[in-house]
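Worksheet: one structure, shown below.
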Amino acid sequence: MSKKTILILGIVYMVATLILHNVLHTTIGRFMMTLSLLALVLAIVGAIYYLIKFSIKQFIYNRKKRDNIE
């Protein structure tokens, strides 16, 4: 799928969740809101994981490069 399609699907999901949860106060809306919050937490944890992983690789690369120069 293209980025545009994923963006449109995300916006439609967000609008449906907000309408069902905040306006109509339905159980489906509450469930969709829970899924959204879990996805947000997962995205934050994943971003932190990949940032730390990249930082460790960069540190090791810099240390090896520095040792080769000396």
Side-chain angles (χ1 to χ4, degrees):
M1 283 199 285
S2 68
K3 290 181 182 180
K4 186 176 180 180
T5 305
I6 293 173
L7 182 63
I8 290 172
L9 287 174
I11 291 171
V12 168
Y13 182 82
M14 179 190 67
V15 169
T17 301
L18 289 175
I19 290 173
L20 289 173
H21 184 262
N22 294 336
V23 178
L24 300 176
H25 304 289
T26 62
T27 304
I28 295 170
R30 187 174 297 140
F31 177 72
M32 290 172 71
M33 189 65 78
T34 303
L35 283 178
S36 296
L37 290 173
L38 288 174
L40 176 66
V41 168
L42 185 66
I44 290 171
V45 169
I48 291 171
Y49 169 75
Y50 282 113
L51 183 66
I52 291 172
K53 183 178 170 183
F54 174 76
S55 298
I56 291 171
K57 285 185 177 182
Q58 187 67 35
F59 175 75
I60 292 170
Y61 173 79
N62 288 341
R63 190 175 61 187
K64 284 181 181 179
K65 189 170 183 171
R66 186 182 63 224
D67 290 341
N68 288 338
I69 292 174
E70 294 174 354

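Heavy atoms only: backbone and side chains are in, while hydrogens, waters and symmetry mates are out. Position 1 is the first residue of the sequence; numbering continues from there.
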Original post:
Looking at CG of Leu35 and CG of Leu42, how far apart are the two atoms once the value is rounded to the nearest 0.5 Å?
Top reply: 11.5 Å
Subject >> Distance in Å, Asp67 CG paired with Lys65 NZ, rounded so as to fall on 0.5 Å steps >> reply: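 Nearest 0.5 Å value for the CG-NZ distance: 12.5 Å.
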Identify the two heavy atoms, one from [X] and one from [Y], that lie closest to each other, and give their separation to 0.1 Å.
X	Y	answer
Ala16	Met32	CB-CE, 4.1 Å
His21	Met33	ND1-CE, 3.7 Å
Gly29	Thr17	O-CG2, 4.2 Å

Same cluster or not: [X] versus [Y], using hydrophobic residues (I, L, V, M, F, W, Y) connected whenever any side-chain heavy atoms lie under 4.5 Å apart?
X	Y	result
Tyr49	Ile56	no
Leu24	Val15	yes
Ile6	Met14	no
Tyr13	Ile8	no
Phe31	Val23	yes

Original post:
Take atom CD1 in Ile28; do more than 12 heavy atoms of anything else shown fall under 6.0 Å from it?
Top reply: no
